[in-house]
Amino acid sequence: MKTNSFISEQELTEQKQIASALSQEIRARNLKFFVETFGCQMNVRDSETIKGWLSLIGYQEAADKETADLILFNTCCVREHAEKRLMGNIGALKELKDANPGMIIGICGCMMQQQDMAKKLLKRFPHVSLIFGTNVLHRFPEMLRAVLNGERIAVTDRADDAIAEDLPKLRDNERSAFVNIMYGCDNYCSYCIVPYVRGHERSRKPEDIRNEIVSLTDSGITEITLLGQNVNSYGNDGSAGMRFADLLRYVSDVPGLKRIRFMSSHPKDLNEDVMQAIASLGNVCHHVHLPVQSGNNEILKRMNRRYTREHYLSIVSRLRELVPDIEFTTDIIVGFPGETEEAFSDTLSLVEEVGFAAAFTFAYSPRLGTVAARMEDQIPESVKKQRLKALNELQARKTVENNLKYIGHIGEVLVEGCDERGEETMLYGKYQNFKMVYFPGCKELLNRYVTVKVTKANKNSLLGEMIDA
Ligand code: SAH
Ligand code: SF4
Ligand code: F3S
């Protein structure tokens, strides 16, 4: 059985002491930070930790980059265009830095874990002074102190290390929160860079997860999303003493916890036990984000996904049998090396058959160091573009079909936001199965649960009316 290592309490106390020693001066100077986050929920969650440290160190959040004294980009490298965009973004900050020479510009996140990237960026952008990777967030105060003392640093220790518990965090809402249950990924899908940059899979202890959820619900949070690259393999290495279905059962009775979401699910590990847990636990939401990637068995094999089209479809039909109102969302890649027109048409037919509520679709992007990037039969960009367009058109039609099912539907919605449109205030929020609905109401209902009836289905959204606040 595997055991994970943890950052010691003493080490964390030392970092908190550094933070508090820095905070007097930072507060006196009224300094502000701006953190911009790219990529997936992992990065969103990491940014909450970084913002938590920055607050502890005495910084306040700035409304925009122009009024910030510290700007940090939390980066993603899952596809190539993210990289190009980042370079443009950093280049553009040179002017701000010239106008405010004391400004600190930093870059962190997944892209910094790529071989030699940190060094390369430090050299290329003299106005950047703080670079760090995904596995050293617990050392943020020490890193920032060095930069405040005039150093330029890049700290990107390998991501295979210890789990850090009890780091500070600053959240941007009072209703809903992300909770990591595991870090890293061991699946090595042949196209994917995540295992290389985020390191091997490590599961947090169930007690630590539950304690975090208890403290969140104590502070008024009612909805949590359990996060992992593949939540269904939680504890598979034996280190946690329980598996994902047990974890769902173990946290589901936390008082005040109305909704449990989780993502992402990998089809190869979504077993009957997990399906039974979804069906039987009252507060586990009836929504599964289940990336299929392709509908063709040959491509799935070359992607190293380790399931077949048939297996995928069997999960969908079993879950629909157990949980009739369940909704599925997915991720799909088109133009994977070797994808023929016929293989692509299998993806279209799968999308037709399943009827996803929504799909996140991507043109295959070769990532340095991955197996698929070395495959011979790469697909021309123009073909990828055509296929993406065809797939998106099909999904748009399926989204409308899915929306139409909801006319007359009545259910509880957690209010997430409001749009002031002239005279009228429109609220929006989600049913427990992830469908979003817009309806007239007042701002005071933000973060509350209200009952909404769907009256109209638009192309991309549902409209409704409140029947009970
Ligand atoms: N762990 C999650 C996915 C994380 S990455 C899972 O396995 O479901 C999010 C999505 O980005 C993937 O599902 C995939 O559809 C897409 N993606 C990953 N690598 C890609 C690449 N090289 N090119 C295009 N899309 C990619
Ligand atoms: Fe990437 Fe596959 Fe891991 Fe998801 S499961 S992060 S796609 S390697
Ligand atoms: Fe991107 Fe890192 Fe997530 S590469 S998709 S931010 S794990």
Side-chain angles (χ1 to χ4, degrees), residues 36-47 73-83 85-86 107-114 117 133-135 137 159 178 180-202 226-234 236 262-270 288-295 299-300 302-307 312 328-337 339 347 351 356 358-375 378-379 381 384-385 387-388 391 395:
E36 187 160 352
T37 309
F38 301 88
C40 69
Q41 287 79 3
M42 294 290 159
N43 270 12
V44 174
R45 178 64 193 83
D46 284 353
S47 285
F73 290 114
N74 191 0
T75 62
C76 169
C77 56
V78 80
R79 286 170 292 273
E80 192 185 10
H81 81 105
E83 229 163 87
R85 207 165 128 209
L86 178 79
I107 323 174
C108 63
C110 294
M111 200 188 291
M112 300 308 105
Q113 299 288 151
Q114 281 179 276
M117 181 61 82
T134 53
N135 205 45
L137 300 191
F178 292 133
N180 286 117
I181 63 168
M182 58 211 296
Y183 302 97
C185 182
D186 281 341
N187 287 310
Y188 291 92
C189 302
S190 65
Y191 50 82
C192 186
I193 198 167
V194 171
Y196 301 91
V197 295
R198 283 273 175 177
H200 74 84
E201 194 173 288
R202 291 144 286 161
L226 304 175
L227 290 184
Q229 293 300 347
N230 173 7
V231 290
N232 302 302
S233 69
Y234 175 81
N236 276 4
F262 52 89
M263 70 189 310
S264 284
S265 287
H266 194 304
K268 81 176 163 66
D269 298 304
L270 208 172
V288 182
H289 181 64
L290 194 62
V292 68
Q293 314 298 1
S294 166
I299 296 295
L300 285 172
R302 289 162 58 96
M303 286 177 161
N304 193 31
R305 290 290 287 178
R306 285 172 281 174
Y307 55 84
Y312 186 93
F328 294 94
T329 53
T330 199
D331 294 346
I332 298 172
I333 298 176
V334 302
F336 183 83
E339 186 186 68
T347 296
V351 168
F356 294 107
F360 302 90
T361 58
F362 310 102
Y364 167 71
S365 169
R367 307 280 58 216
L368 196 68
T370 61
V371 171
R374 296 191 291 273
M375 288 179 182
Q378 300 286 327
I379 305 293
E381 288 304 318
K384 290 183 201 170
K385 239 171 137 176
R387 290 183 186 166
L388 196 59
L391 176 60
Q395 180 55 43

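Keep in mind the model is a prediction, meaning the values are calculated, not measured. One-based numbering, in listed order, for ligands and for the atoms of each.
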- Report, in ascending order of atom number, the atoms of ligand 3 lying under 4.0 Å from any heavy atom of Cys110. 2 (Fe), 4 (S), 6 (S), 7 (S)
- Note on the structure: Near Asp331 (heavy-atom distance under 4.0 Å), the atoms of ligand 1 are 9 (C), 10 (C), 12 (C), 13 (O), 15 (O)
- Message: Residue-level breakdown please: for Val194 versus ligand 2, do any non-hydrogen atoms fall below 4.0 Å on the side chain, on the backbone, on both, or on neither?
- Response: side chain
- Message: Pairs of nitrogen or oxygen atoms closer than 3.5 Å, one from Tyr191 and one from ligand 1: do any exist?
- Response: yes
- Message: Can you tell me if Arg79 contacts ligand 1 (heavy atom of the residue under 4.0 Å from the ligand)?
- Response: yes
- Spacing of Met303 atom CE and Cys189 atom SG [to the nearest 0.5 Å]: 8.5 Å
- If you scan protein heavy atoms around atom 3 (Fe) of ligand 2, the nearest is Cys185 SG, 2.3 Å
- Query: Is Ser265 close to ligand 1, meaning an N/O of one under 3.5 Å from an N/O of the other?
  - Reply: no
- Task: May I ask you to establish whether Arg79 and Phe362 are in a cation-pi arrangement, using a distance under 6.0 Å from NZ or CZ to the six-membered ring centre and at most 45° from the ring axis?
- Result: yes
- atom 8 (S) of ligand 2 has as its nearest protein heavy atom Cys189 N, 3.4 Å
- Part of Val78 within contact of ligand 1 (heavy atoms, under 4.0 Å): both
- Provide the closest heavy-atom pair for Val231 versus Met263 in the form atom of the first, atom of the second, distance. CG1-O, 3.6 Å
- Message: Yes or no: does Arg198 have any heavy atom under 4.0 Å from an atom of ligand 2?
- Response: no
- Item | Protein heavy-atom partner closest to atom 1 (Fe) of ligand 2 - residue, atom, separation in Å | Cys192 SG, 2.3 Å
- Task: Work out whether the distance between some heavy atom of Ala363 and some atom of ligand 1 is less than 4.0 Å.
- Result: yes
- Task: Please report which non-hydrogen protein atom sits nearest to atom 7 (S) of ligand 2, along with the residue it belongs to and the distance in Å to one decimal place.
- Result: Tyr191 OH, 3.3 Å
- Roughly how far, to the nearest 0.5 Å, is the CD atom of Gln293 from the OH atom of Tyr364? 12.5 Å
- May I ask whether Asn230 has any heavy atom positioned less than 4.0 angstrom from an atom of ligand 1? no
- Compare every heavy atom of Ala358 with every heavy atom of Gln395, then report the nearest pair and how far apart it is. NE2-CA, 3.8 Å
- How about Arg85: does its CZ atom have over 12 heavy atoms from other parts shown lying under 6.0 Å from it? no
- Note on the structure: Ranked by distance from atom 5 (S) of ligand 2, the top protein heavy atom is Asn187 ND2, 3.5 Å
- protein heavy-atom neighbour closest to atom 23 (N) of ligand 1 works out as Ser365 N, 2.9 Å
- Task: Run the contact test for Met111 against ligand 3 with a 4.0 Å cut-off on heavy atoms, strictly below, and give the result.
- Result: no
- Query: What pair of heavy atoms forms the shortest contact from Thr347 to Gly295, and how long is it?
  - Reply: OG1-N, 3.0 Å
- Identify which of Arg306, Gln229, Gln293, Lys268 has a heavy atom lying nearest to atom 4 (Fe) of ligand 2. Gln229
- Message: Below a 4.0 angstrom heavy-atom separation, can you tell me which part of Pro195, side chain or backbone, both or neither, approaches ligand 2?
- Response: side chain
- Query: Which of the numbered atoms in ligand 3 are below 4.0 angstrom from a heavy atom of Gln229?
  - Reply: 7 (S)
- Pro291 heavy atoms, cut-off 4.0 Å: which ligand 1 atoms fall inside? 8 (O)
- Query: Do the side-chain N and O atoms of Glu201 and Ser233 include a donor-acceptor pair separated by under 3.5 angstrom?
  - Reply: yes
- Query: Side chain, backbone, both or neither: which part of Ser264 comes within less than 4.0 Å of ligand 1 when only heavy atoms are counted?
  - Reply: side chain
- Task: To the nearest 0.5 angstrom, please state how far the OG atom of Ser264 sits from the CG atom of Leu270.
- Result: 11.5 Å
- Ranked by distance from atom 3 (Fe) of ligand 3, the top protein heavy atom is Cys40 SG, 2.3 Å
- Message: Quick check: closest heavy atoms across Ile332 and Ala359, and the distance to 0.1 Å?
- Response: CD1-CB, 4.4 Å
- Message: Out of Asn74, Asp46, Asn43, who is nearest to atom 6 (S) of ligand 3 when you count heavy atoms only?
- Response: Asn43
- Can you see which heavy atom on Gln114 is nearest to which on Glu83, and at what distance? OE1-OE2, 3.5 Å
- Task: May I ask you to identify the nearest protein heavy atom to atom 14 (C) of ligand 1, giving residue, atom name and distance to one decimal place in Å?
- Result: Gln293 OE1, 3.4 Å
- Item | Rounded distance (nearest 0.5 Å) linking atom CG of Asn74 with atom CG of Leu137 | 8.0 Å
- Task: Classify the angle between the aromatic ring planes of Phe336 and Tyr191 as parallel (below 30°), tilted (30 to 60°) or perpendicular (above 60°).
- Result: perpendicular
- Message: With heavy-atom distances below 4.0 Å as the criterion, list the atoms of ligand 2 near Tyr188.
- Response: 8 (S)
- Message: I need the minimum non-hydrogen distance between Pro337 and Ala372, along with the two atoms involved.
- Response: CG-O, 3.7 Å
- Note on the structure: When distances are taken from atom 1 (Fe) of ligand 3, the protein heavy atom at minimum range is Cys76 SG, 2.4 Å
- Message: Which option wins on minimum heavy-atom distance to atom 2 (C) of ligand 1: Met42, Arg305, Arg367, Gln229?
- Response: Gln229
- Query: Nearest 0.5 Å, what's the CD1-NZ distance between Ile333 and Lys384?
  - Reply: 10.5 Å
- Euclidean distance, Met375 CE relative to Arg302 CZ, rounded to 0.5 Å: 5.0 Å
- Message: Do Pro195 and Cys185 make a side-chain contact, defined as non-hydrogen atoms from C-beta onward lying under 4.5 Å apart?
- Response: yes
- Which of the numbered atoms in ligand 2 are below 4.0 angstrom from a heavy atom of Arg305? 2 (Fe), 7 (S)
